[in-house]
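Below is one structure, written out as structure tokens; the observations come after it.
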Amino acid sequence: MKILKKPDFIIFDTENPDRMKFSRIPLGLPQPLNAVTLKTDHDFLSEHFRPKGNTLHPIFKDFGSSYYYCVSV
């Protein structure tokens, strides 16, 4: 699943969590992440984007002021 993080416009991929792509033009029609997964954004992202050692995954940077959308499955 591809996840769009706004307002940064970074696309993350649950199948390749170390890869990030900057894009102002999302792939497909964005849907709120929690509407697609039935979990909280934090719970879903924590399952797929784990920390490396003591370093939090970049998807969690500015978590409280970010919005997450599913742009493809």
Side-chain angles (χ1 to χ4, degrees):
M1 175 187 302
K2 300 216 185 305
I3 311 274
L4 171 65
K5 179 183 177 187
K6 283 188 172 183
D8 300 338
F9 292 96
I10 299 174
I11 297 175
F12 295 88
D13 189 346
T14 57
E15 293 181 21
N16 192 355
D18 294 329
R19 191 168 190 195
M20 298 181 288
K21 178 182 175 183
F22 178 80
S23 178
R24 290 237 181 235
I25 302 170
L27 309 170
L29 184 62
Q31 299 177 50
L33 182 59
N34 60 7
V36 176
T37 65
L38 301 178
K39 295 182 179 183
T40 66
D41 290 350
H42 192 273
D43 287 346
F44 180 81
L45 295 173
S46 293
E47 290 176 12
H48 294 281
F49 301 95
R50 300 187 188 271
K52 298 273 185 181
N54 291 332
T55 306
L56 204 56
H57 191 280
I59 201 166
F60 291 103
K61 183 180 178 210
D62 299 325
F63 182 82
S65 59
S66 299
Y67 300 91
Y68 300 89
Y69 299 89
C70 174
V71 290
S72 72
V73 179

Problem - Main-chain N/O of Ile59 paired with Tyr68 side-chain donor or acceptor, under 3.5 Å - result: yes
Exercise for the section: Measure the CZ-CG distance between Phe60 and Asp41 for me, rounded to the nearest 0.5 Å. Expected result: 9.5 Å
Handout entry: Reported CD1-to-CD1 distance for the pair Ile10 and Ile3, which is rounded to 0.5 angstrom
Key = 13.0 Å
Practice task
Give a yes or no on whether a salt bridge exists between Asp8 and Lys61, defined as a side-chain N under 4.0 angstrom from a carboxylate O.
Solution key: no
Exercise for the section: Over all heavy atoms of both residues, which pair between Pro30 and Tyr69 is shortest? Give the atoms and the distance, please. Expected result: CB-CB, 3.8 Å
Handout entry: Distance (rounded to the nearest 0.5 Å) between Lys52 NZ and His57 NE2
Key = 7.5 Å
Handout entry: is_close_aromatic(Phe12, His48), centroid dist under 6.0 Å
Key = no
Practice task
Would you check, one step at a time, whether the test side chain to side chain contact (heavy atoms under 4.5 Å, CB included) holds for Asp13 with Arg19?
Solution key: CA-CA 7 Å; Asp13 189 346; Arg19 191 168 190 195; 5.6 Å; no
Problem - Value rounded to 0.5 Å, distance of CG in Leu29 from SG in Cys70 - result: 10.0 Å
Handout entry: Exceeds 12 heavy-atom contacts within 6.0 angstrom, atom CZ of Phe63
Key = yes
Problem - Separation of Thr55 OG1 from Arg50 CZ (nearest 0.5 Å) - result: 16.0 Å
Practice task
Kindly say whether Lys5 contributes a backbone atom to a donor-acceptor pair with the side chain of Ser66 at under 3.5 angstrom?
Solution key: no
Exercise for the section: Would you sort out whether Ser65 and Asp62 count as a side-chain hydrogen bond (donor to acceptor under 3.5 Å, both in side chains), showing the intermediate values? Expected result: CA-CA 6 Å; Ser65 59; Asp62 299 325; 4.9 Å; no
Exercise for the section: Could you grab the distance from atom CG of Leu33 to atom OH of Tyr67, nearest 0.5 Å is fine? Expected result: 14.5 Å
Handout entry: Contact summary for Pro51 and Leu56, nearest pair of heavy atoms
Key = CB-CA, 4.3 Å
Exercise for the section: Would you mind reporting whether Lys39 and Glu47 have side-chain heavy atoms less than 4.5 Å apart? Expected result: yes
Handout entry: Any side-chain heavy-atom pair of Thr14 and Phe49 under 4.5 Å
Key = yes
Problem - Val36 and Gln31, any side-chain heavy atoms less than 4.5 Å apart - result: yes
